[in-house]
Structures are given as C-alpha cells and as structure tokens.
Protein chains: 2
Amino acid sequence: MNRLIETLKENECKVTLQRIAIYETLKNTKAHPNAEAIYKQLSPKYPTISLATVYKSLELFVSLGLIQAINVEENSFRYDGNFKSHPHLICSKCKKVEDLDEHPFANLCREVETLSGYSIEKQQLNFYGLCPDCIQKS
Amino acid sequence: MNRLIETLKENECKVTLQRIAIYETLKNTKAHPNAEAIYKQLSPKYPTISLATVYKSLELFVSLGLIQAINVEENSFRYDGNFKSHPHLICSKCKKVEDLDEHPFANLCREVETLSGYSIEKQQLNFYGLCPDCIQKS
DNA sequence: ACTATTCATTATAATCAGTATAAAATAATG
DNA sequence: CATTATTTTATACTGATTATAATGAATAGT
C-alpha cells in the first residue's frame with residue numbers, strides 16, 4: 001500500500017480511497033479477478049463506487065507498472081496484483097487462473113531477441129489444461 | 001484447401017463458398033487478422049457476405065483444429081492459419097503480430113506439468129517488444 | 001485549518017466485439 | 001430434380017469497456 005501511495009505521488013496522481021481499496025483488493029487475492037469481479041467484491045463495503053472507477057484505476061495501475069493485465073482466452077481482461085512477469089496456468093474446466101511461481105522460464109526474452117531481431121520488453125506464458133482438482137474429479 | 005474440404009466432409013459440415021473464401025484468406029496471410037479484418041478483405045469480392053458468417057466459420061475452423069485463435073493484449077481475437085503451436089511476437093509500436101517459427105520452446109508443457117501438477121494441453125507464448133523495423137525508425 | 005484549483009468519481013450514455021434469432025438461400029442426398 | 005438439413009444473411013441483442021458531463025474530494029498555497 002505504501003508502494004501505491006508513493007507511486008501515485010511520484011506521478012502526481014491523487015491518492016483516493018477508491019484507488020486504495022481497488023489496489024488492496026487485488027493485492028489480497030490470488031484469483032486474478034476481472035474488473036467486474038473487483039467491483040462486486042467492493043460493492044458491499046463501498047456501495048457508491050462506480051464500475052467506471054474500477055476500470056480507470058486498473059488502467060492507471062497498469063500504466064504505472066503496479067499491477068499487470070492478463071488475457072487468457074476469455075472476453076474480459078483479468079488483473080494480477082503481482083507486477084513481476086510469471087507464467088499462468090488456466091484450467092479449461094473450472095476456469096481458474098493460477099500463478100506458476102517457481103519456474104525456469106524467467107528469461108526467454110533474451111533468447112527470443114537473438115532469434116527474432118526484436119527488442120523484447122515483456123513475455124507472456126500461458127498454459128492451458130486441467131488443474132489437479134479437476135483431474136481428480138474426472 | 002483440400003484439407004478444409006476433407007475436414008468439413010469428415011465432420012458432416014457443408015462445403016460452402018463462404019467457408020472456402022474465409023479459410024483461403026487466412027491461409028494466404030501472415031498478418032494474423034481478426035474477424036473484422038477478414039470480413040473487410042472479403043467484402044469487395046463477396047459483397048453479400050455477413051460478418052456473422054465470418055465469426056461462425058472461424059469458430060468452426062478452430063473447433064476442427066484447422067486454425068488457431070490467438071489473443072494478444074487487444075480487445076479482439078486474432079486468427080492464425082497455422083494450426084501448430086508456436087510463439088508470437090507483438091510489436092508494441094506498429095502492433096503487428098508475427099510468428100516465431102524456429103524456436104527451442106516447442107515443449108515447455110511437459111516441464112510445466114511436472115512443476116504444477118496440471119495436465120497441460122496447450123501453451124501460448126507471446127513476446128512483446130519492438131520489431132526490427134520500428135527499432136530502425138527510432 | 002481554509003479556500004481555490006485541479007483531478008477523480010459518479011451515473012449514464014455510447015461504443016465495440018461477439019452472439020442469438022429467424023427467415024431466406026444453398027448444399028447434399030436420393 | 002426435389003427434399004431436407006444446414007448455412008447464410010440481416011438484424012437485434014448482450015456484455016465488456018470507454019466517453020461524457022456534472023458533482024465531489026484531494027492537494028497546494030495562503
């Protein structure tokens with residue numbers, strides 16, 4: 001939360017209750033919610049918060065590098081409170097999205113630069129399949 | 001195109017002019033167009049074709065494994081006439097999407113299975129950065 | 001602390017991608 | 001060639017996201 005406040009001030013953005021609440025909500029979950037889900041989670045506690053504010057705040061946080069937007073094969077964007085690049089696991093049955101924290105793919109970028117001539121800024125690794133829970137059940 | 005016709009017949013789907021045209025359009029480009037772009041490209045030659053047909057045909061082709069849908073950080077899906085999994089390079093300046101054909105990442109899936117306990121069916125590797133052309137220009 | 005200014009929030013309307021529906025057209029089959 | 005089932009078309013609709021304009025709140029300067 002300090003990180004949020006510092007970053008907002010550094011960039012001359014106002015520190016508002018809504019921004020803090022949205023940031024906190026995202027930091028306190030591993031569920032990779034979309035804007036709608038964050039809005040619904042906040043609604044009981046902040047009944048007047050607007051969905052547009054959620055969208056705008058998330059967009060701002062992404063542009064400031066505080067969080068990341070992730071797009072799995074869905075029609076809405078999800079958000080990840082962890083700004084560090086890491087692979088995501090998507091269960092095609094229960095649709096949950098998990099992080100793969102310990103992995104040896106931290107720096108494929110350099111290799112891709114050599115192969116392609118691109119200068120790579122970001123890598124996005126998504127793996128689709130069945131999670132252990134769903135394997136068990138089937 | 002033979003592949004399309006065979007696959008359609010095997011699956012008891014009708015072979016229509018529209019489906020052939022859409023498939024051909026996608027096979028003959030490396031630009032990874034979205035449905036709208038395919039529709040616009042076909043419109044002059046097939047003025048009565050409907051956007052809905054484009055969407056439905058693409059969906060069908062994906063389900064038959066003839067093409068693949070790819071999602072980079074955009075609000076629409078793009079399509080790739082190559083059904084084999086391969087990494088994509090996205091230029092953050094000119095927004096083009098290219099294939100990385102020769103690469104050593106063909107089978108990260110097995111490794112991810114061991115690390116995660118998931119059973120992985122598909123991997124999606126996207127690399128974002130500047131393409132050689134845009135590096136030159138800047 | 002008080003006030004002015006600026007930025008953020010809210011509510012709502014608008015947009016855009018994609019999907020559903022129902023009537024008309026076409027492909028496959030005998 | 002006629003029948004039948006599927007596909008296409010045009011249009012309406014949905015759901016996610018963005019734009020707009022008015023209100024409200026955070027900050028800077030007193």
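A, B, ... follow the sequence lines: proteins, then strands. Residue 1 opens every chain.
Distances from the side chain of Ser76(B) to the nucleotides dT11(D), dA17(C), dA26(D) place dA17(C) closest. Distances were taken from every side-chain heavy atom of Cys13(B) (C-beta onward) to each of dT7(D), dA10(D), dG18(C); the shortest belongs to dT7(D). Candidate nucleotides dT17(D), dT9(D), dT10(C) were compared by shortest atom distance to the side chain of Thr48(B), and dT9(D) ranks first. Candidate nucleotides dA10(D), dT19(C), dT17(D) were compared by shortest atom distance to the side chain of Ser50(B), and dA10(D) ranks first.
The structure places NE2 of His88(B) at 10.0 Å from CD of Glu98(B), a figure rounded to the nearest 0.5 Å.
Checking side-chain atoms of Thr114(A) against main-chain N and O of Arg110(A) turns up a donor-acceptor pair under 3.5 Å. Using a distance-only test at 3.5 Å, with no hydrogens or angles considered, a donor-acceptor pair links the side chain of Lys27(B) to the main chain of Gly81(B).
When heavy atoms are screened at a 4.0 angstrom cut-off, Leu51(B) is found touching no nucleic acid atom at all. The residue Ile49(A) sits close only to the backbone: its heavy atoms come under 4.0 Å of sugar-phosphate atoms, none of a base.
Side chains of Gln123(B) and Tyr128(A): a donor-acceptor N/O pair is absent below 3.5 angstrom, by distance only. With hydrogens and angles left out, the side-chain atoms of Gln18(B) and Tyr46(B) include no donor and acceptor closer than 3.5 Å.
One atom, CD of Glu36(A), and another, P of dT17(D), lie 9 Å apart when rounded to the nearest Å. In this structure, Tyr39(B) atom OH and dT19(C) atom P are separated by 17 Å, rounded to whole Å. Regarding Leu58(B), its CG atom lies at a distance of 15 Å from the C1' atom of dT8(D), rounded to whole Å. A straight line from CG of Leu17(B) to P of dT26(C) spans 10 Å, rounded to a whole angstrom. Residue Ile5(A) contributes atom CD1, which lies 13 Å from atom C1' of dA26(D) at whole-angstrom precision. For the pair Glu74(B) CD and dA17(C) P, the interatomic distance rounds to 11 Å; values are reported in whole Å. Distance Phe77(A) CZ to dT18(D) P: 8 Å, rounded to the nearest Å. A straight line from NZ of Lys9(A) to C1' of dT27(D) spans 10 Å, rounded to a whole angstrom.
If you find the closest nucleotide of DNA chain D to Ala52(A) and to Lys14(B), the one lying nearer the 5' end belongs to Lys14(B). Both Lys56(B) and Val15(A) sit near DNA chain D, but only Lys56(B) has its closest nucleotide nearer the 5' end.
For Gln18(A) and dA25(D), the shortest distance from a side-chain N or O to OP1 or OP2 is not below 4.0 Å. Between Thr53(B) and dT9(D), a side-chain N or O to OP1/OP2 separation shorter than 4.0 Å is present. The side chain of Arg19(A) places an N or O atom within less than 4.0 Å of a non-bridging phosphate oxygen (OP1 or OP2) of dT9(C). Taking 4.0 angstrom as the limit, Tyr55(B) places none of its side-chain polar atoms (N or O) nearer than this to OP1 or OP2 of dT19(C). Phosphate proximity of dT7(D) to Thr16(B): absent, as no side-chain N or O sits under 4.0 Å from OP1 or OP2.
Within the cation-pi definition used here (under 6.0 Å to the ring centroid, within 45° of the axis), Arg19(A) does not qualify as a partner of Phe61(A).
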